[in-house]
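Computed from a prediction, not measured in an experiment: that's the story for all the values here. All ligand and atom numbering here is 1-based and tracks the order in the structure.
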Amino acid sequence: MLEQYIEKVLISEDQITQRAKELGSELTKDFEGKNPLILGILRGSIPFLAELVKHIDTHVEMDFMALSSYHGGTKSSGEVKMIMDLDTPVNGREVIIVEDIIDTGLTLKYLRELLEHRGAIVTIVTMLDKKAGRKVEIDPDYLGFDIPNEFVVGFGLDYDENYRNLPYVGVLKQEVYMD
Ligand code: PRP
């Protein structure tokens with residue numbers, strides 16, 4: 001069972017569902033008639049994006065992009081790599097980036113600049129914000145939860161590509177990544 005590797009549950013499945021409902025109705029109100037493009041950042045955003053879009057009750061389109069900066073460990077490499085670009089043209093388009101977490105902010109800073117350079121009007125939604133980790137200035141427009149400076153996994157977040165399938169956000173036991 002995966003639970004044995006988890007120190008504590010930080011945010012439960014119910015809390016995430018409830019918050020996704022609230023954010024979904026705010027987005028519905030704010031983007032009614034604007035036909036935004038929901039842009040999921042692979043891989044971590046998928047569980048939260050899937051929960052969130054169920055609660056957006058207006059026309060949206062979806063596309064995906066793959067970026068990576070962690071390359072497997074618990075610390076950001078500091079270098080953002082694009083692995084897969086999106087397909088949809090974004091010039092003049094409202095684009096809602098959906099992320100699982102903002103930590104150093106490097107991924108989103110890179111992405112926002114790239115999309116704005118292509119002419120998109122960018123909005124940022126993130127499930128989690130670890131403000132203590134920030135290295136560059138970037139803030140979400142819509143936020144699920146602030147979290148403390150701990151290494152978290154679950155609901156899309158991985159350690160070495162594992163634990164993304166946990167139905168909650170939890171703190172990984174240190175011994176898992178110390179040996
Ligand atoms: C994680 C996460 C964000 C980014 C946030 O992605 O999904 O995209 O790191 O960290 P930052 O604010 O320090 O840039 P990761 O590179 O681990 O790829 P993944 O989504 O495939 O896990």
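- At a 4.0 Å cut-off, at least one heavy atom of Leu42 sits close enough to ligand 1 to count as contact.
- Considering backbone and side-chain N/O atoms, Ile102 never comes within less than 3.5 Å of an N/O atom of ligand 1.
- Heavy atoms only, all atoms of each residue included: Ile124 and Asp139 are closest at CD1-O, 4.3 Å.
- The Thr104 neighbourhood of ligand 1 comprises atoms 11 (P), 12 (O), 13 (O), 14 (O), with distances under 4.0 Å to a heavy atom of that residue.
- Short contacts between ligand 1 and Ile101, defined as distances under 4.0 Å to a heavy atom of the residue, involve ligand atoms 2 (C), 3 (C), 5 (C).
- Side-chain polar atoms of Asn162 and Tyr5 form no donor-acceptor pair below 3.5 angstrom.
- Near Ser68, the atoms of ligand 1 lying under 4.0 angstrom from a non-hydrogen atom of the residue are 16 (O).
- Close approach of ligand 1 to Gly44 is summarised as follows: ligand atoms under 4.0 Å from at least one heavy atom of the residue are 19 (P), 20 (O).
- Looking at Thr28, its side chain does come within 3.5 Å of a backbone N or O of Asp57 through a donor-acceptor pair.
- Salt-bridge annotation for Arg134 and Asp129: present, with a side-chain N of the basic residue lying under 4.0 Å from a carboxylate O of the acidic one.
- Electrostatic pairing of Glu26 and Lys29 does not count as a salt bridge here, judged by no charged N lying under 4.0 Å from a carboxylate O.
- Atom CD of Gln4 has more than 12 neighbouring heavy atoms from other residues, nucleotides or ligands inside a 6.0 Å radius.
- Any N or O atom pair closer than 3.5 Å counts here, and Glu161 shares no such pair with ligand 1.
- With a heavy-atom cut-off of 4.0 Å, Met127 does not touch ligand 1 at all.
- With a 4.0 Å heavy-atom cut-off, ligand 1 is reached by the backbone of Thr107 and by its side chain too.
- Using a 4.0 Å heavy-atom cutoff, Lys135 is absent from the residues neighbouring ligand 1.
- Under a 4.0 Å N-O distance rule, the pair Arg118/Asp85 qualifies as a salt bridge.
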